[in-house]
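Below: the structure, in structure tokens.
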2 protein chains.
Amino acid sequence: MSARDARNAHVRAMRTPPVVERESSAAVDLGPLSGFIGYRLRRAQLQVLAGFEQALREIGLSPGQLSVLVVISRNPGLTQSDVCTALGIQRANFTPLLHALEATGLATRQVLPADRRSNTLQLTALGRDVLVRALALHERLERRITDCLGGGGRAQLAELLRKLEAL
Amino acid sequence: MSARDARNAHVRAMRTPPVVERESSAAVDLGPLSGFIGYRLRRAQLQVLAGFEQALREIGLSPGQLSVLVVISRNPGLTQSDVCTALGIQRANFTPLLHALEATGLATRQVLPADRRSNTLQLTALGRDVLVRALALHERLERRITDCLGGGGRAQLAELLRKLEAL
DNA sequence: GGGAAATGGTTATGATAAATAACTAATAAT
DNA sequence: ATTATTAGTTATTTATCATAACCATTTCCC
């Protein structure tokens with residue numbers, strides 16, 4: 001990095017023709033990697049994830065938890081499996097996620113009388129309240145993204161990603 | 001899901017006006033979630049990741065490993081830290097990743113005489129060969145993505161994601 | 001009606017990626 | 001020469017995703 005650059009700075013300044021430049025900081029060639037969608041996706045997702053945690057820090061919801069709250073808020077009475085398939089979560093991974101929402105008093109399970117294997121999900125009053133606040137905080141993140149991409153870019157990105165889900 | 005639909009099918013067929021439709025399969029309302037870039041990113045990234053593993057199965061490289069091979073192939077003599085900052089990997093997480101590449105004979109570390117704390121990285125002959133084959137296999141995935149998004153869409157996506165990394 | 005098969009939810013477990021802190025050896029700074 | 005940085009390693013923690021096995025319930029079908 002710049003360590004070695006600093007070390008060799010005098011050499012370069014006096015005698016080195018600025019040809020090789022000794023890997024000066026950002027001079028790393030990513031080659032075909034720059035065009036890999038998967039690579040770009042990973043880095044972008046990490047960045048947005050960091051933004052999410054920052055934006056929702058005071059509430060402390062994970063992305064998955066927020067998504068579940070949104071879905072059961074708009075579709076009261078869905079079963080766990082319904083939510084899982086809607087969100088692309090494994091049923092096995094959904095159990096602890098949901099239990100966390102129950103433990104914090106945001107959601108409740110209720111056995112469906114018509115099929116006593118199934119649990120239907122509802123938000124508590126607290127859950128509705130927290131959801132509203134979380135969505136407001138999340139707006140900040142989305143605004144940052146819009147500022148970064150422009151309104152059109154943001155819409156394009158959402159659409160392209162949506163298409164990609166059907167890969 | 002369709003389970004409950006099937007259960008109530010006779011009822012609906014005889015007397016129920018097709019109004020409520022009992023959460024028919026894809027009728028889950030994601031609400032604002034559909035517009036969340038973070039949500040779309042997560043799902044798209046998972047999909048592309050699955051495509052990656054499928055495409056490179058016969059070689060068995062992880063995305064991170066491939067990215068490292070590419071970078072040290074195009075920039076021989078980089079130190080570990082150089083590669084880390086170029087790829088956005090923590091130095092601590094890079095160590096086992098690199099050791100795996102060494103253990104499979106794809107890359108070598110070499111102490112830099114000018115600074116014996118640093119290791120410079122090189123590909124072995126095998127590493128170069130595997131890299132070529134891996135890139136060829138990876139082409140398939142990229143082609144699938146291009147088929148899915150169109151050439152223009154793919155370029156747009158790459159650019160938008162690149163911008164997002166600077167969020 | 002009653003046994004086999006399928007379904008909803010849970011548990012346990014493993015694999016992977018990422019973050020943090022503490023440590024060593026070597027170099028740089030003063 | 002002492003001190004402070006820096007490169008790399010180790011250990012640990014956390015979170016996400018995947019798989020398989022299991023129980024209770026319901027459906028299928030004979």
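Within every chain, numbering begins at 1; the chains are lettered A, B, ... in the order of the sequence lines, protein sequences first and strands thereafter.
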Begin from the C-alpha positions of A/Leu61 and A/Leu106 and carry the test side-chain contact (heavy atoms from CB on, under 4.5 Å) through to its verdict.
CA-CA 11 Å; A/Leu61 283 180; A/Leu106 303 182; 4.0 Å; yes
Would you say that B/Gln80 contacts B/Ser118 through its side chain, given a criterion of any heavy-atom pair below 4.5 Å between the two side chains?
no
Mind running a 4.0 Å heavy-atom check of residues 88-101 of chain A against DNA chain D and sending the residues that fall below it, in number order?
A/Gln90, A/Ala92, A/Asn93
Is there, by distance only and without an angle test, a donor paired with an acceptor across the side chain of A/Arg116 and the base of D/dT25 below 3.5 Å?
no
Whole angstroms only, please: what is the CG-P distance between B/Asp115 and C/dT24?
19 Å
Using the side-chain hydrogen bond (donor to acceptor under 3.5 Å, both in side chains) rule, take A/Gln65 and A/Ser67 through it: C-alpha gap first, then chi angles, then the decisive distance, then the call.
CA-CA 5 Å; A/Gln65 288 175 327; A/Ser67 69; over 6 Å; no
By a strict heavy-atom criterion of less than 4.0 Å, which residues belonging to residues 39-56 of chain B are in contact with DNA chain D?
B/Arg42, B/Leu46
Between C/dA18 (C1') and B/Leu87 (CG): distance, integer Å
15 Å
Rounded interatomic separation in angstrom, taking CD from A/Gln80 and P from C/dT11:
11 Å
Checking A/Thr108 against A/Gln110: is there a side-chain donor and acceptor pair closer than 3.5 Å?
no
With a 4.0 Å cutoff (strictly under), does any side-chain N or O of B/Ser62 reach OP1 or OP2 of C/dT16?
no
Do A/Leu135 and B/Phe36 come within less than 4.5 Å of each other through their side chains, counting heavy atoms only?
yes
Non-hydrogen side-chain atoms of A/Phe94 and A/Leu87 separated by less than 4.5 Å:
no
From CG of B/Asn119 over to P of C/dA25, roughly how many Å is that when rounded to an integer?
15 Å
Under a 4.5 Å cut-off applied to non-hydrogen side-chain atoms, are A/His138 and A/Glu142 in contact?
yes
Of B/Arg40, B/Gln45, B/Arg42, B/Gln47, which meets side chain to side chain donor-acceptor pair (under 3.5 Å) against A/Glu165?
B/Arg40
Measure the distance from CZ on A/Arg117 to P on C/dG8 and round it to the nearest whole Å.
6 Å
